[in-house]
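The analysis underlying the following values was restricted to heavy atoms, covering all of them including side chains, and did not include hydrogens, waters or symmetry mates. Chain naming here is simple, since letters A, B, ... match the order of the sequence lines and numbering starts at 1 in each. Just so we're clear, the structure is a prediction, and the values are computed from it rather than from any experiment.
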2 protein chains.
Amino acid sequence: MSRSPATRPSTTGLLLDLVRTAGTVSRVELVEAAGLTAGTITNVVRDLIDGGLVHEVGRARTTRGTPRRLIQINPEAGFAVGAQLDRCTTTVVLVDFAGRTQATAGLRGAGQRSPQDTLTTLAEHIDDLLSSAGIVRDRVLGVGLVTHGPQDRARGVLLTDQPSPLWREYPLASALSSALDLPVLLENDATAAAIGEQWAGDVPTATFGVIYMGSGIGGGVVVDGDVYRGRASNTIEIGHITLDQGGAPCVCGNRGCVEVTAGPAAVVAQAMRDRNLAERWSLSGSLDETLVDFERLARASARGDQDAHALLESSAQYLALAAVTLVNLFDLDTIVLAGPAFSTAGPQYRDHVARALSEHALSRELSPAKSLLSANVATAAAVGGALSVLRSSSPGERSRSAAPPPRSLSI
Amino acid sequence: MSRSPATRPSTTGLLLDLVRTAGTVSRVELVEAAGLTAGTITNVVRDLIDGGLVHEVGRARTTRGTPRRLIQINPEAGFAVGAQLDRCTTTVVLVDFAGRTQATAGLRGAGQRSPQDTLTTLAEHIDDLLSSAGIVRDRVLGVGLVTHGPQDRARGVLLTDQPSPLWREYPLASALSSALDLPVLLENDATAAAIGEQWAGDVPTATFGVIYMGSGIGGGVVVDGDVYRGRASNTIEIGHITLDQGGAPCVCGNRGCVEVTAGPAAVVAQAMRDRNLAERWSLSGSLDETLVDFERLARASARGDQDAHALLESSAQYLALAAVTLVNLFDLDTIVLAGPAFSTAGPQYRDHVARALSEHALSRELSPAKSLLSANVATAAAVGGALSVLRSSSPGERSRSAAPPPRSLSI
C-alpha cells in the first residue's frame with residue numbers, strides 16, 4: 001500500500017533538501033515543512049551542525065517570544081558534478097553543497113567515438129573543471145552522469161545501441177568512477193532536466209512536466225515536489241509516442257514516433273533534401289552535428305527566413321501534440337521546454353505548445369496548463385545530475401578508503 | 001521537495017490500510033512495513049482497538065521470545081458503497097471494513113436520462129442493496145461515486161458534456177449525498193479500477209497500469225503501491241492519445257484518438273456499416289447500448305465468427321499501441337485490462353497487448369512488462385470506489401449530526 005521504508009528518503013536527506021531549497025530557515029519552519037516532531041528536527045539539525053553540513057546564521061525577529069535561530073546549508077560542505085553527455089554535446093557543471101552552480105563547461109558530444117574514449121575525455125574535462133575552480137577531489141561527493149535512456153541505473157549501463165552498438169551494456173558509471181576515483185550515479189537526461197528545473201528554474205508550481213529536446217526527445221515529470229520514477233526511472237519516453245503508424249522507422253523499433261517526426265534530426269534531414277536550403281544555412285547533415293545544424297536553422301528562422309520558420313512550425317506542431325498527451329496522461333499544471341535544441345527555437349515551440357494545451361488538453365477547464373521555456377535550456381539536465389548526487393549522499397557518508405573504488409551512489 | 005503534510009495519509013489511515021491489506025499482522029510486522037517507531041505503532045494500535053476498528057485474534061509462534069499478538073481489521077466496524085456509473089452500465093458494490101465485497105448489483109447505465117433521474121434511481125438501488133444486506137445507514141461510511149472524467153473532485157462535478165450537456169457541472173456528489181444522507185466522494189473510473197485491482201486483483205507487482213474499457217477508454221497507474229493522482233486526478237486519459245491526426249473527431253475536441261479508433265462504440269459503429277453483420281449479431285447501434293452490442297460481437301468472435309474476430313483484432317491492435325505508450329511513459333511492470341468491455345473479448349486484447357509490449361516497449365530489456373486480464377473486469381472500478389471511501393475515512397470521524405448533511409469525504 002505504501003512505499004517500502006527503503007525507498008523513502010532518509011530524514012537527514014529530507015531535511016538537508018528542505019534547508020537547501022529554503023535558503024534560510026528556522027527549526028519551527030522545518031517542523032511545519034517536514035511534518036516531523038520538534039524533537040526529531042532538533043536532534044537531526046544538531047547532528048547536521050555538528051557534521052558541518054548546516055550552520056546557524058543569526059536570529060529572525062518574531063512578533064512574540066524568543067527570536068528564532070536561523071540555519072543555512074554550509075555551501076563548502078561538499079561539491080557535486082553533473083555531466084550531461086549526448087551524441088552532439090556535453091555539458092559539465094560543478095555545484096556547491098547549497099546547489100549553486102560554481103563552474104560550467106561545454107564540449108563536443110560522443111559522436112562516433114567509443115564510450116571508452118568519450119569517458120576518458122570527459123574525465124579529463126571534469127578534472128580540469130575541478131582544478132580551475134580550486135576544488136580538491138576529496139571534497140567532491142560524486143558525479144551525476146546524465147544520458148539518454150533506456151538505462152539500467154542500478155548497474156550504470158545503457159540498454160540501447162545509441163549512439164552506437166558499442167554503448168549498449170558498456171559499464172559507463174563504473175568506468176567513469178574508476179577514471180575519476182569518485183562515485184558516479186547514472187541519470188536519465190529528461191528526468192535530470194526536471195530536477196534541474198525544479199531546483200534552478202522559475203517553475204511556479206510543484207506539479208509540472210519537462211519536454212527535453214537534445215539530439216533526441218524525452219520527458220520528465222515532478223508531482224507535488226516528487227520526481228516521477230516509475231519502476232526504474234525509464235520514464236516518460238515522450239519522443240516515442242507514435243504519431244503516425246505509417247511513418248518513418250525509429251531507432252526504438254516503432255514507426256512515426258515524435259522523435260522521427262518532430263526531432264532536430266528529422267528537421268535537419270528534411271532541410272537536407274533541398275540542396276538550396278542546406279547551402280543557405282550551411283548545414284553539414286552529419287548526425288553528430290545535428291544540434292549545430294538545428295541551431296543554424298533556428299537562427300535563420302529567428303532572422304525571418306520563411307523556409308526555416310516553416311520547417312520549425314511543422315516540428316513544433318507535432319511536439320505540441322506530444323505535450324497535450326503528456327498533460328492528458330500525467331495531469332500537470334505546466335509544461336517546461338528544456339534542452340539545447342530550444343536555445344534559439346524555444347519561443348516558437350513554446351507558443352505552439354501553449355496554444356495546443358489551451359485548445360486540446362482534457363482538463364483545461366479545471367485549470368489550463370501553462371507552457372514555459374526553461375531559463376537554463378542548455379544546462380538544466382547537467383544541474384539536475386549534480387542535484388541528484390547532493391540528494392543521494394551526504395559528506396560524512398562517503399567512504400574514501402573503500403577498495404575497490406566507490407562506484408555508485410544510492411539510487 | 002516533499003509532499004506537504006496535508007497530502008500525506010494520516011498515520012491511522014496508513015496503519016488501517018496496512019492491516020487491511022495484510023489480513024492478520026503483528027505489531028512488529030507493522031513497525032517494519034510502516035517505517036514508524038514501535039512506540040507510535042503501539043499507541044495507534046491501542047487507539048484502533050479501543051475504537052473497535054481492529055481486534056486481537058491470538059498469538060503467532062516465534063522462534064524465540066514471547067509469541068507476537070496478532071491483530072485484524074474488525075470487518076463490522078463500518079461499510080462502504082462503490083457505485084460505478086457509465087452511459088451503458090451501473091455497478092454497485094457493498095464492502096465491509098475489511099474491504100471484502102458483501103453484495104453487488106448491476107443495472108442499466110445513465111443513457112439519455114438526466115443526472116437527477118439517474119441519481120434518484122441509483123440512490124434507490126443503493127438503499128435496496130443496503131436493506132437486502134441488512135446494513136443500517138448509520139454503519140455506512142460513505143459512497144464512492146465512480147464516473148468518467150474529467151472531473152472536479154473537490155466540487156464533485158463533471159467537466160464534460162458526456163453523456164449529455166446536462167451532466168456538465170451538475171452537483172453529482174452533493175445531490176447523491178443529499179438523496180442518501182451519506183458522504184459521497186467522486187472518483188475517476190480508471191483510477192478506481194486501478195485501486196480495485198490493487199486491492200482485489202491478482203496483480204503480482206506494486207507498479208502497474210490499468211487500461212479501463214467501458215463505454216470509453218481510460219487508464220490508471222499505481223507506482224510502488226501509491227495511486228498516481230497528478231495535480232487533481234484527471235490522469236492517464238489513455239483513450240485520448242492521438243493515433244491518427246486525420247482520423248474521426250472525438251468528443252474531447254481532438255481527432256483520431258484511441259477511443260474513436262479502438263473503443264467499443266467505434267467497433268460497433270464499424271459493424272453497423274454492414275447491415276448483414278448488424279443483423280447477424282442483433283446489434284442495436286444505439287450509443288446507450290454500446291456495451292451490450294459490443295458484448296454480442298465479442299461472443300460471436302469467441303464462437304469463431306471471423307468477421308467479428310477481425311473487427312476486434314483491429315481494435316486490439318490500436319489498444320496495444322496505447323498500452324505501449326502507457327508503459328513507455330510511466331515505466332510499468334504490468335498492464336492490467338479491466339472494465340466491462342473485456343468481459344468476453346478480454347483474452348483477445350490481452351494477447352495483443354502482451355505481444356506489443358514484448359516487441360515495442362522501450363525498457364523491455366530491463367524487464368519485459370506483462371499483460372494481465374483482471375479477474376474482476378466488471379466490478380474492479382466499483383470496488384475501487386468503495387476502497388477509496390474506506391481509505392479516506394474512519395468510523396469515528398464521521399459526524400452524523402452535522403447540518404447541512406455531510407456531502408463529501410476528504411479527497
Residues 315-324 of chain A: residues contacting chain B (heavy atom under 4.5 Å, by number):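 Answer by number: Y318(A), L321(A), V324(A).
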Checking [X] against chain A: side chain, backbone, both or neither under 4.5 Å from a heavy atom?
X: R168(B); value: side chain
X: Q151(B); value: backbone
X: R229(B); value: backbone
X: A206(B); value: neither
X: T160(B); value: neither
X: T325(B); value: side chain
X: V221(B); value: side chain

With a 4.5 Å cut-off on heavy-atom pairs, point out which of [options] contacts chain B the most.
options: N254(A), V222(A), L326(A); value: N254(A)
options: G246(A), G256(A), G149(A), A232(A); value: A232(A)
options: D244(A), D152(A), I236(A); value: I236(A)

Taking the side chain as everything from C-beta on, heavy atoms only, tell me whether [X] gets closer than 4.5 Å to [Y].
X: I241(B); Y: N328(A); result: no
X: E197(B); Y: L372(B); result: no
X: N234(B); Y: L362(A); result: no

Parallel, tilted or perpendicular: ring planes of Y228(B) versus F330(A), cut at 30 and 60 degrees: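 Perpendicular, since the angle between the ring planes exceeds 60°.
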Proximity breakdown for S233(A) and chain B, heavy-atom pairs closer than 4.5 Å: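 When you check distances to chain B, only backbone atoms of S233(A) fall under 4.5 Å.
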To the nearest 0.5 Å, what is the distance between [atom1] on [X] and [atom2] on [Y]?
X: I73(A); Y: L16(A); atom1: CD1; atom2: CG; answer: 5.0 Å
X: S367(B); Y: L332(B); atom1: OG; atom2: CG; answer: 11.0 Å
X: I41(B); Y: L48(B); atom1: CD1; atom2: CG; answer: 9.5 Å
X: Q162(B); Y: T147(B); atom1: CD; atom2: OG1; answer: 11.5 Å

Minimal non-hydrogen separation, A98(A) against W199(A), with atom names: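 Nearest pair, atom of A98(A) first, then W199(A): O-CZ2, 3.0 Å.
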For the student: nearest non-hydrogen atoms of R255(A) and G247(A), plus distance: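 Closest pair (atom of R255(A), atom of G247(A), distance): NH1-O, 2.9 Å.
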Residue pair R231(A) / T205(B), side-chain donor-acceptor N/O under 3.5 Å: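 Looking only at side-chain atoms, T205(B) and R231(A) do not form any donor-acceptor pair under 3.5 Å.
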